[in-house]
There are 2 protein chains.
Amino acid sequence: MSGKNRAPRRSAEQQRDIYHHGDLKRALTDSALVLVAEKGPKGFSLSEAARRVGVSVAAPYRHFRDKAELLAAVAEQGFLQLHATLVDAGDSESGPHERIIEMGRGYVRWAVAHPDHYQVMFGGEIVKPDHPALLGAATRAFDDLLDAIAMGLGSGMLRGRDAREMAGPVWSLVHGIASLAIGGDLRHVGIRDDPETLAGRSLAQLLGVAEADSEPASSS
Amino acid sequence: MSGKNRAPRRSAEQQRDIYHHGDLKRALTDSALVLVAEKGPKGFSLSEAARRVGVSVAAPYRHFRDKAELLAAVAEQGFLQLHATLVDAGDSESGPHERIIEMGRGYVRWAVAHPDHYQVMFGGEIVKPDHPALLGAATRAFDDLLDAIAMGLGSGMLRGRDAREMAGPVWSLVHGIASLAIGGDLRHVGIRDDPETLAGRSLAQLLGVAEADSEPASSS
DNA sequence: ACCTGAACACCGTTCAAGT
DNA sequence: ACCTGAACACCGTTCAAGT
């Protein structure tokens, strides 16, 4: 009796068997994340991700509709990390201008530190509404900025009408700096400032405030 | 005698023979441009470009080192068009602020009108310094903006220290708007303004000037 | 339920061979 | 000098078949 009697036969591959016990999906996204960081979003291939994780090239299709859906999962992870970075950056400041500026600096810092990941998130290979979880994660990151602006408006210390209307230029500015810095385009035209510094200066200019010298003087 | 006696045998393919009389290079870039506009930079393939132009898939390698070099030629064409657009936009204005704003609007207008072309130019598939002609064309477009700022500084109507330092935020802002608009990201977070309008508003804010209502009132 | 093997159509790139 | 034909290694995706 008992058709389930399967003792662990190959002890060398024990870990692998356990790893894939319903978690091939996570294993693949982890592998994809590493591959994207190693060879860039262009060099990433679904086949290699499958090989690395020890399954056939057809196996991923049990967990992802296609390559784009796996990349969407990678992008989603990126937005979660970016969200955490923005929350951290915003927490360390009290005034609305400084808060927005520090969030912008944090945004650019994360982007240039993870250029390939950032390119997956914004490289245009994925249509975000096709992947609800990705769209949600992206929206959450944007909401961090939106909330900071709304708080500033509410306190009266920031002038403006609508938070969403004000968030457009701010996001565009930091995304533009991140994107051009990653592509090397700023450097190519002789702009050699550190991107994070450039973000701070640009945001101060956009918000119409004099810029603090480098890092904030104190946190008290 | 005469080994060159080759009368036109296949009249149907006469045009094609003439077309490739030393101009396969141009034929391929033209074909690539159409393909990129039709199927996006992602869907573009060197093989299909060759097929469309009526040569074998190996033929392009006589004229381009690899796929990237053909894409670089396409990107170069894009920067030439963008340059022309910026010159046009700048010519129609006299004050430095208005000039810069109109150039920014022109930049975004061209980008959203040619989204796939723009993605080839900034999608990160090409390393610009590897293709001197491309780098030159890109620099020329950036110089349009640089010149407008330098003129404003020279006339004293624009305040600031260094033109290149001021160009960074301006370019980043319009590139960010163009890029996020093309990716649909602005729409996804509820920012439904026309990108060109957003560019005008954002630049006015960055430059610290009150914005003119929509289009400039008159050209005199 | 989940994975493999094999197949399909399609790439980018190389190279000997043709004219 | 310029192009073809054929080959190579590599994709993404599908599907019958295995356990």
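Chain naming here is simple, since letters A, B, ... match the order of the sequence lines and numbering starts at 1 in each. Note that the structure is a prediction, hence the values are computed from the model and not measured. Atoms considered below: every heavy atom in the structure, side chains included; atoms not considered: hydrogens, waters and symmetry mates.
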Using whole Å, report how far [atom1] of [X] lies from [atom2] of [N].
{"X": "B:F64", "N": "C:dT13", "atom1": "CZ", "atom2": "P", "value": "13 Å"}
{"X": "A:H63", "N": "C:dC2", "atom1": "NE2", "atom2": "P", "value": "7 Å"}
{"X": "A:D66", "N": "D:dT13", "atom1": "CG", "atom2": "P", "value": "5 Å"}
{"X": "A:K25", "N": "C:dC2", "atom1": "NZ", "atom2": "P", "value": "11 Å"}
{"X": "B:Y61", "N": "D:dC3", "atom1": "OH", "atom2": "C1'", "value": "15 Å"}
{"X": "A:L46", "N": "D:dT14", "atom1": "CG", "atom2": "P", "value": "11 Å"}
{"X": "A:F44", "N": "D:dC10", "atom1": "CZ", "atom2": "P", "value": "17 Å"}
{"X": "B:L28", "N": "D:dC2", "atom1": "CG", "atom2": "C1'", "value": "13 Å"}

Would you indicate which nucleotide in [options] comes nearest to any side-chain atom of [X]?
{"X": "A:K67", "options": "C:dG12, C:dT4, D:dT13", "result": "D:dT13"}
{"X": "B:R62", "options": "D:dT13, C:dG12, D:dC2", "result": "D:dC2"}
{"X": "B:L24", "options": "C:dT13, C:dC11, D:dC3", "result": "D:dC3"}
{"X": "B:A58", "options": "D:dC11, C:dC15, C:dA6", "result": "C:dC15"}
{"X": "A:V57", "options": "D:dT13, C:dC3, D:dC11", "result": "D:dT13"}
{"X": "A:A59", "options": "C:dC11, C:dT4, C:dT13", "result": "C:dT4"}

For the backbone of B:Q119 and the side chain of B:D116, can you confirm whether one donor and one acceptor N or O come within less than 3.5 Å of each other?
no

Can you classify the ring geometry of B:F142 versus B:W171 as parallel (below 30°), tilted (30 to 60°) or perpendicular (above 60°)?
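Because their plane-to-plane angle lies in the 30° to 60° range, the rings of B:F142 and B:W171 count as tilted.
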
Aromatic ring pairing A:H114/A:H117, orientation class (parallel under 30°, perpendicular over 60°, tilted between)
perpendicular

Minimal non-hydrogen separation, A:V174 against A:V108, with atom names
O-CG2, 3.7 Å

B:K67 versus B:F44, closest heavy-atom pair with distance
NZ-O, 3.4 Å

Distance test, side-chain N/O of B:R51 to OP1/OP2 of C:dC10, below 4.0 Å:
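Answer is no, no contact under 4.0 Å.
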
Do any side-chain nitrogens or oxygens of B:S56 fall under 4.0 Å of OP1 or OP2 in D:dG5?
no

Tell me the partner of C:dC10, counting only Watson-Crick (N1-N3 plus N6-O4 or O6-N4) or G-U wobble (N1-O2 and O6-N3) with both under 3.5 Å; none if nothing fits.
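By the stated definition (distances under 3.5 Å), nothing pairs with C:dC10.
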
Could you tell me the Watson-Crick or G-U partner of C:dT4, where both distances fall under 3.5 Å? Say none if there is no partner.
D:dA16

